[in-house]
Amino acid sequence: MSETKTSSWLKPSLDWLLIFVPIAIALRFIPGLNYPTALFIVACLAIIPLAGWMGKATEHLAEHLGQGIGGLLNATFGNAAELIIALFALSKGLEGVVKASITGSIIGNILLVLGLSILLGGFKFKEQKFNRTAASMSATALTLAAIALLIPTIFHLVADNVPVAQGGWTPAKEQNLSLAIAIVLFLTYCGTLVFSLITHKHLFIGEALQGAAKSVGHEEEEAGEHWSKNKSIIVLIVATSFVALISEFLVGAVEAARGALGFTEVFVGVIVVAIIGNAAEHSSAILMALRNKMDLSVGIAVGSSLQIALFIAPLLIFASYLFGTPMNLEFTIPEVVAVFASILIVEQICSDGESNWIEGVQLLSVYAILAILFYFLPDMHHAATDAINGAAAAP
Amino acid sequence: MSETKTSSWLKPSLDWLLIFVPIAIALRFIPGLNYPTALFIVACLAIIPLAGWMGKATEHLAEHLGQGIGGLLNATFGNAAELIIALFALSKGLEGVVKASITGSIIGNILLVLGLSILLGGFKFKEQKFNRTAASMSATALTLAAIALLIPTIFHLVADNVPVAQGGWTPAKEQNLSLAIAIVLFLTYCGTLVFSLITHKHLFIGEALQGAAKSVGHEEEEAGEHWSKNKSIIVLIVATSFVALISEFLVGAVEAARGALGFTEVFVGVIVVAIIGNAAEHSSAILMALRNKMDLSVGIAVGSSLQIALFIAPLLIFASYLFGTPMNLEFTIPEVVAVFASILIVEQICSDGESNWIEGVQLLSVYAILAILFYFLPDMHHAATDAINGAAAAP
Amino acid sequence: MSETKTSSWLKPSLDWLLIFVPIAIALRFIPGLNYPTALFIVACLAIIPLAGWMGKATEHLAEHLGQGIGGLLNATFGNAAELIIALFALSKGLEGVVKASITGSIIGNILLVLGLSILLGGFKFKEQKFNRTAASMSATALTLAAIALLIPTIFHLVADNVPVAQGGWTPAKEQNLSLAIAIVLFLTYCGTLVFSLITHKHLFIGEALQGAAKSVGHEEEEAGEHWSKNKSIIVLIVATSFVALISEFLVGAVEAARGALGFTEVFVGVIVVAIIGNAAEHSSAILMALRNKMDLSVGIAVGSSLQIALFIAPLLIFASYLFGTPMNLEFTIPEVVAVFASILIVEQICSDGESNWIEGVQLLSVYAILAILFYFLPDMHHAATDAINGAAAAP
């Protein structure tokens, strides 16, 4: 019954907002209609129903595959858009924007998406439960990723104080260090896939171990609407393609309008791109939380961050060699602090396998605090490290 | 029976030590009697029975209101004294002392007060249990606060390396950043109050969910002495007023005697003021631990830190605008490290919902290590950041 | 039955590899045979069966004393070798190597030894359980140690910016701060011993509290081979002596071959010495994990790190006064980062009292990432801190 109510609340928007998809395409491709601000607004509206369909398709597919794998699939399709955008930016040499959007995607998923899911789910249910082991595995993988992203920054900060002749910092060393770390992350991600899809899939399918959440998993089956596996897959692919397309319009429009809005490049990368790029995860994760399927909700949000950090980031390092402009893994100090702070708080919230609305508030508060930091921060990439070390090396 | 023994051990001191209250008042207000050292000792002795009465009244009030709200009340009344002292210092422009005492109160409550409570409680009971969900919520709120206190320091460190023309650090930006963060903290605190007093008060009232600790909660009811709600409230208010009054004497006397004792301003703020200002929480939290009411004990200690960080700190920022000398939230690096270290260790100790004496030892060890750091640190506020960045910007 | 299989897999190597023990001794002491590289390889091969016998003896002794005390014993005997090596290096004034090997031992035990144990144990058993309270106590003690090792570095970084006349950094202050912290660590270690051996030994003996792991503890008793307490002790002492002796050969040989292999001093200390020095813990901890005695396995790995940090490190500080060249506790920034990162991840893995193979992969990944950092880092001790502060103080 709660399921029917949720659907009927979302369905109307799904229907009429789809009008904005062709409008966005028209605004983007018809030569005369060059209004970035209008494109931005229309694309925002268009992405909502698409993300909704994507969430719906993933949810139906998840019924066939189990909650955890459904969450993984969702994260994969959600991040496909981000990967395409990042590759596009990388090919243009916008390394700083790519890194800022990696940071933004990691913190956006675990703070904003998970925070809103827990908050809204918590308004409906006093206490929600999820598989602690699966959530903990993901949170630990994120801690590993945070350490990996910290190391190149520490290396630069420390090795820059030693003369090059005695083994001090050089861009080539930073690059090799980054490549080695990217390989470790990539191998760990492969291990994580084997764990969640093969050896321990029972933890992610969900129904097996949990005494408490046993009966809540399949309420939508009684609600009548039941898609076949093929229908789910086709809708998922079509919706994801459109989400990727419209996401790219959005990024282009945002970049064009940046000056007018007075946002810095870092703020756009970390906050704006990340919010838009994660719209799909947003609607899916919140829908799951409202249906009390927190396993799937946490799986989408944390799994998406995990995938960005352990899979997309190394992939971009590898891809950067193809473009002839190798990218390293050195992030700015505020980016590293933001990732660590996010993971510290999400680990505490995931470690007990239950959630309530105040935990959603806490995640959103950390997001707000980090957004404030990136709003006030001047535009720079690695300026902090360079300046400190430059000064240290100068005399 | 254990209750009677505890009371009879505390009662004699309650009775005769109250003599020092009028003596302290005399030493403070009679013009000829200007002996700061004597005032310091007398005030120390006077505050013990007052804090004892405060703890007694809170405990009786807690019986009427449930353990968690009792803990909140106790924290509120305990921090009333600190708020008054901080406002007094702020009006005199002593920003560094105010920040040091915020740091000291946060770490003092979760390391010293909670550490002593767990240690002494652990000597009496092999293992003590408390509500993990409530303790975790508070620990997560503290992590959030630690992140909030870290951000302005990171902002200064990083933005200072960028020329002002390109958006670099200015005192006005730091102030705006601090104000925005203070507003987020304040709103989060309001959420925390709604959570603990309205939507999830059952977690804080204590009897509801805990299977293990069910029977230990109300032993003092059989001990005969039972206060009415009104009597509890009146005694609590009177005792709190005297604690605030005598606390102020103490701070004045300490500040006067600082040079003679060879303490730095930071050490006085972080260690001395914090120990004295938390005397009330001390005696209450330890009393509760000795009665195996760890829910109340943890609630007092962690709740008090939480209130300092999420409520008193933002309130002082807001109040500083009234005094015409806006205070920012930028703490020194050792202060930020101390807060993070404290919260890291307390989170680990609270996350399992049970305590034993070695955990008390571990909290007290961290307190000792931080006290050693602040003892050896030279007097400076923001000197570290300024110097590093000054050097970086200089050439 | 699984026990018999494991033994028969290990037994052949125990028998014939012991040949390398006399060969290593010959290579070391016969004047003409000065081939460091050969000595290195032979010593590596020789240490494997010795460590195997040590593990066997500890296991049999553990049967008499309970799992936890067995783990403590094992850690003590494992670290005896490291203490001897460190004292030897300290007497030669090699402070940097001693600190690097302290760092390496801490991270090596909790990342490499525990990681391999969890990974290999996890290949055999889908899920392994251990006493969460005991593991948490150790992880919290390690957090305390990490904070303690951070403080002297923070002190140098911050106090160095203040002129000496106003209380700024001096070597003597750093030394006194370090000594005070070492005393706190040592006292905490004494407390930990009282806790684990006297007041809460039931947590470490293992059979008492755990419902889940009740029946798996004693399978080897049915396997026929049962040693007396005295036999276990004698074999343990003899094997440990030989492990210490051969370990020293190894360190000598590694140091001699360092230039040829192109490793920095820090890399040798942190990675090579630590891997070799922990060979004993390695084989014991892995053997226990393969027998599903995770309590003992976690006890060996985490207990060994804990003992290095809380006991060996302070002991070396105290001992350094006897050698007339006082050592302080100031570690380099990469060392502090490595210790914090390791403890952060191990705390997450230990906090739920269960393990599976992906957690082993995660620990090994962090180890690999830190090894990469130390491989690329140039040779320096305190260079980072000195350079930053030197620059800051210069103008």
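The model shown is predicted, which means the values in this text are computed figures rather than measured ones. Residue numbers start from 1 in every chain, and the chains themselves are labelled A, B, ... in the order their sequence lines are given, proteins ahead of strands.
For chain C, the nearby part of B/Val337 is the side chain; its heavy atoms alone come within less than 4.5 Å. Looking at B/Leu363, there are no atoms closer than 4.5 Å to chain C (heavy atoms on both sides), in backbone or side chain. With a 4.5 Å cut-off on non-hydrogen atoms, C/Leu150 touches chain B through its side chain but not through its backbone. Of the atoms belonging to C/Ile154, it is side-chain heavy atoms, and not backbone ones, that fall under 4.5 Å from chain B. Interface remark: C/Thr199 contributes backbone and side-chain atoms alike to the contact with chain B (heavy atom separation under 4.5 Å).
Side chains of B/Asn356 and C/Phe195 form a contact here, defined as non-hydrogen atoms less than 4.5 Å apart. C/Ile151 is not listed as a side-chain neighbour of B/Ile372, based on a closest heavy-atom distance of 4.5 Å or more. Side-chain atoms of B/Trp357 and C/His200, non-hydrogen and from C-beta on, do get closer than 4.5 Å to each other. In this structure, B/Ile349 and C/Thr140 have side chains that are in contact, with non-hydrogen atoms separated by less than 4.5 Å.
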Practice task
Any chance you could lay out the side-chain contact (heavy atoms from CB on, under 4.5 Å) test for B/Leu377 and C/Val158, step after step, and finish with the verdict?
Solution key: CA-CA 8 Å; B/Leu377 266 187; C/Val158 170; 4.1 Å; yes
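Between B/Ala368 and C/Val184, the shortest heavy-atom distance links the atoms CB-CG2, 4.1 Å. Closest heavy-atom contact between C/Phe155 and B/Phe376: CE1-O, 3.5 Å.
Under a cut-off of 6.0 angstrom, the local environment of CZ in C/Phe340 is crowded, with over 12 non-hydrogen atoms contributed by other residues, nucleotides or ligands.
Ranked by non-hydrogen atom pairs under 4.5 Å with chain B, the options C/Thr192, C/Ile181, C/Leu177, C/Thr188 are led by C/Leu177. Chain C forms the most heavy-atom pairs under 4.5 Å with one residue out of B/Leu344, B/Leu373, B/Ile358, B/Leu370, and that residue is B/Ile358.
Between the CG atom in B/Asp352 and the CG atom in C/Asp352 there is a gap of 12.0 Å [rounded to 0.5 Å]. Interatomic distance, CG of C/Leu187 versus OG of B/Ser365, reported as 8.0 Å (0.5 Å rounding). Put simply, OG on C/Ser351 and CD on B/Gln348 are 8.5 Å apart, with the number rounded to the nearest 0.5 Å.
A donor-acceptor pair under 3.5 Å links the side-chain atoms of B/Gln362 to the main chain of C/Met137, judged by distance alone.
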